[in-house]
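Some notes on the structure that comes next.
All values reported here derive from a predicted model rather than from experimental measurement. Just follow the structure's listing: the first ligand is 1, and inside any ligand the first atom is 1. Any value given below was found using the heavy atoms of this structure, including those in side chains, with hydrogens, waters and symmetry copies removed.
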Amino acid sequence: MSARILDGNAIGASIKAELAEEVKALRAIGVQPGLAAVLVGEDPASQVYVRSKVKTCEQLGLYSAHIAPPASITTAELLALVAELNARDDIDGILIQLPLPKHIDSKQILRAIDPAKDVDGFHPVNVGLLSTQQPGLVPCTPAGCVEILRRSNIPMEGKEVVVLGRSNIVGKPVAMLLMNESATVTVCHSRTHDLAAVCRRADILVAAIGKAAMVTPDMVRPGATVIDVGINRVTDPKLFEQLYAGDAAREKQFAEKGSTLCGDVHPRVMEVAGAMTPVPGGVGPLTIAMLMYNTVLAARLKRGMAPSR
Ligand code: GUN
């Protein structure tokens, strides 16, 4: 048996099409939602992510400001930039791409963002609203995981969910969202005893640990749904061979680029799972779609309008 593929590109495209319509209607009444995407320094992976966020804004008719201060910027200077963006009328959402350089106090920066413009949902006010089930801005990748399940008609209520990873960006908020969907949620991490046995309990397994192919077939209950949040670049030919030998498309890509993107889930889990998100093309496109959703939502709420859904 081979798992049903949960196609994030297709689901992300439907969400973006809905948003494009909504933005058109908003612009007709003089409202253009705007996103400021701040990328400090020149990390190549972050550059790719931020470029793709800005490009998607353009596709959907949102205003975007791409701000790229040098890695030498100080915490005080970045705080001043955040204050300026908080005050700007044309900016509804502020995104500070993480990770920030080590000399910057990231927690202080995230706390300085106006919670009403915090489209990443990382401000403690939004974290608190999520954990107490009140309306707020929800982190994009976790919201994307739930949206994939919802739009694929995979029930969450009463299901055993195991989340691998306890990060503030994915693990904790996705656990919170799934609890709010009435799932029974277990969060595992590097110190969890007998990880494989805990994972095998899952009807829905969410892998957000940041380690290529860490979730092996023996960790997955046959028929389970697997959501793979990992994006790991594999460059080691030996590891590539172990994971993708016989996959002609991957082999061609690896030969041309010297690397391929691998999730946290081993490709052979496809033979055990009932449904699974691919990497690339699974959760990734949803992160951007939900960022656009949050920016439009922030623009509506700022003007006293109700959420569209
Ligand atoms: N770095 C990795 N994921 C994210 C994210 O969702 N938002 C931001 N701002 N930075 C990230």
Side-chain angles (χ1 to χ4, degrees), residues 8 12 15 35-57 62 64-69 71 73 78-79 81-82 85-86 91-102 104-115 117-127 130 136-148 163 165-177 206-212 227-233 261 263-264 277 279-280 282-295 297-298:
I15 295 171
L35 175 72
V38 179
L39 170 62
V40 177
E42 290 173 3
D43 176 67
S46 293
Q47 281 176 333
V48 171
Y49 295 141
V50 171
R51 263 203 299 272
S52 133
K53 290 167 184 178
V54 169
K55 201 175 109 199
T56 310
C57 282
L62 278 74
S64 67
H66 186 175
I67 303 167
I73 193 170
L78 195 51
L79 284 172
L81 172 61
V82 169
L85 296 172
N86 281 342
I91 297 297
D92 299 290
I94 301 170
L95 171 130
I96 312 278
Q97 186 66 25
L98 301 176
L100 287 167
K102 286 209 164 47
I104 290 180
D105 182 346
S106 300
K107 290 207 165 87
Q108 195 185 354
I109 300 295
L110 295 181
R111 272 201 309 273
I113 298 173
D114 178 350
K117 294 191 177 188
D118 171 36
V119 284
D120 258 327
F122 295 158
H123 190 286
V125 164
N126 283 316
V127 176
L130 173 61
L137 293 165
V138 172
C140 305
T141 302
C145 294
V146 171
E147 205 60 28
I148 289 180
V163 177
R166 55 174 157 176
S167 71
N168 294 330
I169 292 185
V170 183
K172 284 183 209 162
V174 83
M176 214 55 95
L177 277 172
V206 181
I209 209 110
K211 194 157 179 275
I227 305 289
D228 189 353
V229 182
I231 302 178
N232 310 289
R233 193 167 288 282
L261 288 183
D264 291 350
T277 59
V279 175
V283 175
L286 267 291
T287 297
I288 296 188
M290 298 320 286
L291 174 69
M292 301 298 123
Y293 173 80
N294 276 350
T295 306
L297 176 63

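Among Ile288, Ile231, Leu39, the single residue meeting the side chain to side chain contact (heavy atoms under 4.5 Å, CB included) criterion with Tyr49 is Ile231.
Ranking protein heavy atoms by distance to atom 8 (C) of ligand 1, first place goes to Asp120 OD2, 3.4 Å. With respect to atom 3 (N) of ligand 1, the closest heavy atom belonging to the protein is Ile169 CG2, 4.2 Å. Remark: minimum distance from atom 11 (C) of ligand 1 to any protein heavy atom is reached at Gln97 NE2, 3.5 Å.
Counting heavy atoms under 4.0 Å from ligand 1, residue Leu98 touches it through both backbone and side chain. When non-hydrogen atoms are compared, ligand 1 lies under 4.0 Å from the side chain of Phe122 (C-beta onward) but not from its backbone.
Of all non-hydrogen atoms in Met292 and Leu62, the two that sit nearest each other are SD-CD2, 4.3 Å.
Distances between N or O atoms of Thr141 and those of ligand 1 include no value under 3.5 Å. When only interatomic distances are considered, the shortest N/O to N/O separation between Ile96 and ligand 1 falls below 3.5 Å.
Between Asp92 and Lys117, every side-chain heavy-atom pair lies at or beyond the 4.5 Å cut-off. A heavy-atom distance below 4.5 Å is found between the side chains of Pro69 and Val38.
Within the 3.5 Å criterion, the main-chain N or O of Asp114 finds a donor-acceptor partner in the side chain of Asn86.
In this structure, Lys53 NZ and Thr295 OG1 are separated by 10.0 Å, a value rounded to the nearest 0.5 Å.
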